[in-house]
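Here the structure comes first, spelled out in structure tokens, and everything after it is commentary.
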Amino acid sequence: MQLDREKFIRLLREKGLKVTTQRLAVLTALSKKQDSHLTAEEIYELVKVESPDIGLATVYRTIQMLLELKIVDRIYLDDGYVRYELGHVYEDEDSHHHHHLICVKCGRVMSFQGDLMEEFEKRMEEKTGFFIQDHDVKLYGYCVDCQKDVDVK
Ligand SMILES: [Zn+2]
Ligand SMILES: [Zn+2]
Ligand SMILES: [Zn+2]
């Protein structure tokens, strides 16, 4: 993911938002590592390094706002925390939004692109008449490192 300041600024403007230090700081924190799935507190810790004058409450408020505009997505990785990542809007336009592989031993989370859900959704719509808008895929298992310690076939 190649993300930069200019892209954030453009995006905030497109959404009709003022470009503020807080907003840029939260987005920058989320883009620091690929595959970063951060809690609000972790985002705050990263923001603090660059902008020590921004408080936790402001970070929470900023996340909420970016969430409503779908600039940021909320994700649940079943570890009891609410986590955030940059929204689909940041991924290549024609590429599928990513999903997650979750290691049940060490909790590592990896991302992957693409799945066979389009075909499945089409079939479900035909079968049920339901209009599907989105989906979420999580695959659970053991990462390469953890496989050494468990019996996997
Ligand atoms: Zn993710
Ligand atoms: Zn693992
Ligand atoms: Zn998908």
Side-chain angles (χ1 to χ4, degrees), residues 1-12 14-15 17 22-50 56 59-153:
M1 243 189 286
Q2 283 299 358
L3 301 167
D4 51 33
R5 236 182 124 79
E6 274 90 87
K7 190 166 180 187
F8 291 143
I9 291 172
R10 207 167 55 230
L11 210 107
L12 288 168
E14 272 168 26
K15 296 272 183 183
L17 292 176
Q22 295 93 299
R23 287 165 191 168
L24 281 180
V26 167
L27 290 173
T28 306
L30 280 168
S31 73
K32 271 201 174 131
K33 293 173 274 172
Q34 182 159 20
D35 272 357
S36 61
H37 303 98
L38 305 173
T39 64
E41 287 75 17
E42 286 166 345
I43 294 170
Y44 170 62
E45 290 303 318
L46 288 171
V47 165
K48 223 167 51 175
V49 177
E50 315 263 319
L56 181 59
V59 169
Y60 273 119
R61 233 180 9 246
T62 306
I63 293 171
Q64 280 312 313
M65 204 210 46
L66 295 171
L67 204 58
E68 278 161 32
L69 291 164
K70 297 193 172 13
I71 295 177
V72 165
D73 283 343
R74 185 195 277 134
I75 44 168
Y76 299 95
L77 299 173
D78 308 294
D79 57 357
Y81 293 99
V82 180
R83 297 177 178 278
Y84 302 92
E85 66 183 6
L86 291 173
H88 303 160
V89 99
Y90 286 103
E91 299 181 9
D92 290 342
E93 265 155 46
D94 46 336
S95 85
H96 194 83
H97 60 90
H98 74 265
H99 297 302
H100 300 108
L101 298 169
I102 302 171
C103 177
V104 295
K105 188 153 188 286
C106 70
R108 184 185 299 178
V109 175
M110 281 153 288
S111 305
F112 66 94
Q113 291 279 347
D115 53 49
L116 303 171
M117 288 299 286
E118 271 92 359
E119 185 58 30
F120 180 72
E121 285 181 2
K122 226 188 290 156
R123 261 192 284 153
M124 285 310 282
E125 288 186 338
E126 280 164 14
K127 214 169 137 178
T128 63
F130 193 85
F131 175 55
I132 296 164
Q133 287 216 288
D134 200 6
H135 64 257
D136 186 19
V137 179
K138 289 179 207 164
L139 301 175
Y140 299 91
Y142 295 95
C143 71
V144 176
D145 291 336
C146 292
Q147 284 169 36
K148 293 174 197 132
D149 310 324
V150 290
D151 255 346
V152 282
K153 296 200 176 99

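Note that ligands are numbered from 1 as they come in the structure, with each ligand's atoms numbered from 1 the same way.
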- Any side-chain heavy atom of Val59 sitting closer than 4.5 Å to one from Gln22? no

- Query: Are any of the side-chain heavy atoms of Ile71 and Leu12 separated by less than 4.5 Å?
  - Reply: yes

- Among the N/O/S atoms of Asp115, select the one at the shortest distance from the Zn ion (ligand 3) and name it. OD2

- With respect to the Zn ion (ligand 1), what is the nearest N, O or S atom of His100? NE2

- Does Lys48 come within less than 4.0 Å of Glu45, counting only side-chain N to carboxylate O? yes

- Item | With the Zn ion (ligand 1) as the apex, the OE1/NE2 angle for Glu85 and His98 - to 10° | 100°

- Message: Measuring only between side-chain heavy atoms, which start at C-beta, is Met65 closer than 4.5 Å to Leu17?
- Response: yes

- Using the Zn ion (ligand 3) as the apex, give the angle to atoms NE2 (His135) and NE2 (His99), rounded to 10 degrees. 110°

- Query: Is there an N/O/S atom in His37 that lies less than 2.8 Å from the Zn ion (ligand 1)?
  - Reply: yes

- Take the Zn ion (ligand 2) as the vertex and measure to SG of Cys143 and SG of Cys103; round to 10°. 120°

- Query: Charged N to carboxylate O below 4.0 Å: is that the case for Arg123 and Glu126?
  - Reply: no

